[in-house]
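In what follows, a single structure is set out as structure tokens and then discussed.
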Amino acid sequence: MLCDLESLYLDHNSFEGPFSPIIFKLSKLKVLSLSSNNFSGPIPDDIWMLPNFESLNVGHNSFEGLFPSALGLLTNLTYLDLSSTNLTGYIPRDIGNLKLLEHLDLSCNQFSGPLSNTISNTISNQSVSRTRSCQLTHLNMYSNQFKGLLPQSLVNCKHLKILDIGKNEIGGTFPSWLFSLGELEILVLRSNRLYGAVSGRSTSHPFPKLRIVDLSNNQFTGHLPIQYFKNMKPTDNDYSYYKTFFSLTLLALSISVLVVTVCFLFCHAFGATPHAAVVRLPGGGPKIPPWLSFTSIVG
């Protein structure tokens, strides 16, 4: 019977208007995915009263209003996507109640406030337990109005694979403590107010699983520390969104002990001319590999 429904997928249709009230009667519902429709109006408060939610995706709709203050009631939630929903305002402190959260996508909205408070509240309650650390693997806050510094409390998210805070108003120097995130595969800091040298404390294996880096449109200066990205691996189909969405990808090609890096990605960040990377070979001067092409450039 419908009242026993546990999963409901209505993605990629042309549904419009407010939510149907029947959804709020599905007390056993665990998965609700309504993304890529034309739903409008405020997200109704009744949706946060469904106690068994584990996955909620309402991204790419035409809602209005503030970030839902009652969202912290969904303590079983592991997946939350509110991307491209026209929501505004600060992220409430109660988001820290989502102790099981693994995937959080707030991208392409008008959320604001200090980023340090938002992230710290998100992971604070996850990290206090001695038996369970921060569970986040995917944190996407791209294209909002967050300000301040990137909080170092992110080092508690040891499982983090994707960190995207591009196109905000984040300041400060390059967060070198990110090197401690050994599972990180995608790092996007583009279009912020970061400045200074891309450097930090030395570590023998920085970013061992990194695939994509985007530092463009900042105010970084100095030498490009290729050694920090020498372990980069090719991307796969799991990250096709990032391969096609961003205007540039940092591509690292390891040949024996030589690492050649395409630095077009950094041309805005470092004020460089958009040519192939200048590679200093041992015992020789600058050389540009003739076979190097920009196959990952879009836009």
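Nothing here was measured: the structure is a model prediction, and the numbers come from that model.
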Review point. With under 30° as parallel and over 60° as perpendicular, where do the rings of Phe39 and Phe19 fit, or are they tilted in between?
Key: perpendicular

Review point. Nearest heavy-atom pair of Tyr9 and Ser7: which atoms, and what distance?
Key: CE1-CB, 3.8 Å

Check your understanding: Of the non-hydrogen atoms in Cys157 and Leu181, which two are nearest, and what is the gap between them?
Key -> O-CD2, 3.4 Å

Review point. Taking Ile162 as the fixed residue, which of Thr137, Asn140, Ile186, Leu139 is the one that meets the side-chain contact (heavy atoms from CB on, under 4.5 Å) rule?
Key: Ile186

Review point. Near Lys147 NZ, under 6.0 Å, is it more than 12 heavy atoms from other residues, nucleotides or ligands?
Key: no

Point to revise | Co-membership, hydrophobic cluster, residues Leu104 and Trp48, 4.5 Å side-chain | key: yes

Practice item. Output, in order, the C-alpha distance, side-chain angles, deciding distance and verdict of side-chain contact (heavy atoms from CB on, under 4.5 Å) for Leu154 and Leu163. Key: CA-CA 10 Å; Leu154 273 173; Leu163 176 59; 4.1 Å; yes

Exercise for review: For the pair Asn168 (side chain) and Met141 (backbone), establish whether a donor and an acceptor sit closer than 3.5 Å, ignoring hydrogens and angles.
Suggested key: yes

Point to revise | Which residues share a side-chain contact (heavy atoms from CB on, under 4.5 Å) with Leu10, sequence neighbours left out | key: Leu8, Phe15, Leu34

Check your understanding: For Leu194, what residues pass the side-chain contact (heavy atoms from CB on, under 4.5 Å) criterion, not counting sequence neighbours?
Key -> Ile170, Leu189, Asn192, Asn218, Phe220

Revision key, fill the gap. Residues pairing under salt bridge (charged side-chain N to carboxylate O under 4.0 Å, His left out) where one sits in residues 25-49, two or more places apart or in two chains, turn out to be Asp4-Lys28

Exercise for review: Quick one: closest heavy-atom pair of Val58 and Thr85, and the distance?
Suggested key: O-CG2, 3.3 Å

Exercise for review: Name all residues meeting the ring pair (Phe, Tyr, Trp, His ring centres under 6.0 Å) criterion together with His103; count only those two or more places apart in sequence or in a different chain, and write none if there are none.
Suggested key: Tyr79, His138

Review point. Without hydrogens or angle criteria, can the side chains of Ser33 and Asp11 be said to hold a donor-acceptor pair below 3.5 Å?
Key: yes

Point to revise | Closest non-hydrogen atom pair, Gly182 against Pro208 | key: O-CG, 3.4 Å

Check your understanding: Would Asn97 and Ile95 satisfy side-chain contact (heavy atoms from CB on, under 4.5 Å), going step by step from the backbone distance to the final call?
Key -> CA-CA 5 Å; Asn97 294 337; Ile95 196 173; over 6 Å; no

Practice item. Flag the pair Arg211 and Glu185 as a salt bridge only when some basic side-chain nitrogen lies within less than 4.0 angstrom of an acidic carboxylate oxygen. Key: yes

Check your understanding: Hey, quick one: are Leu215 and Phe179 part of the same hydrophobic cluster, counting side-chain heavy atoms closer than 4.5 Å, chains of contacts allowed?
Key -> yes

Revision key, fill the gap. Quick note, salt bridge (charged side-chain N to carboxylate O under 4.0 Å, His left out) partners involving residues 60-88, not counting sequence neighbours, are none

**Study point:** With Gln110 via side-chain contact (heavy atoms from CB on, under 4.5 Å) - residues at least two apart
**Key:** Thr88, Gln145

Check your understanding: Are any of the side-chain nitrogens in Lys161 or Glu183 under 4.0 Å away from the carboxylate oxygens of its partner?
Key -> no

Review point. Any idea which heavy atoms bring Pro51 and Ser27 closest together, and the distance?
Key: CD-O, 4.1 Å

Practice item. Could you tell me which non-hydrogen atom of Tyr90 sits nearest to which non-hydrogen atom of Phe67, and how far apart they are? Key: O-CB, 3.6 Å

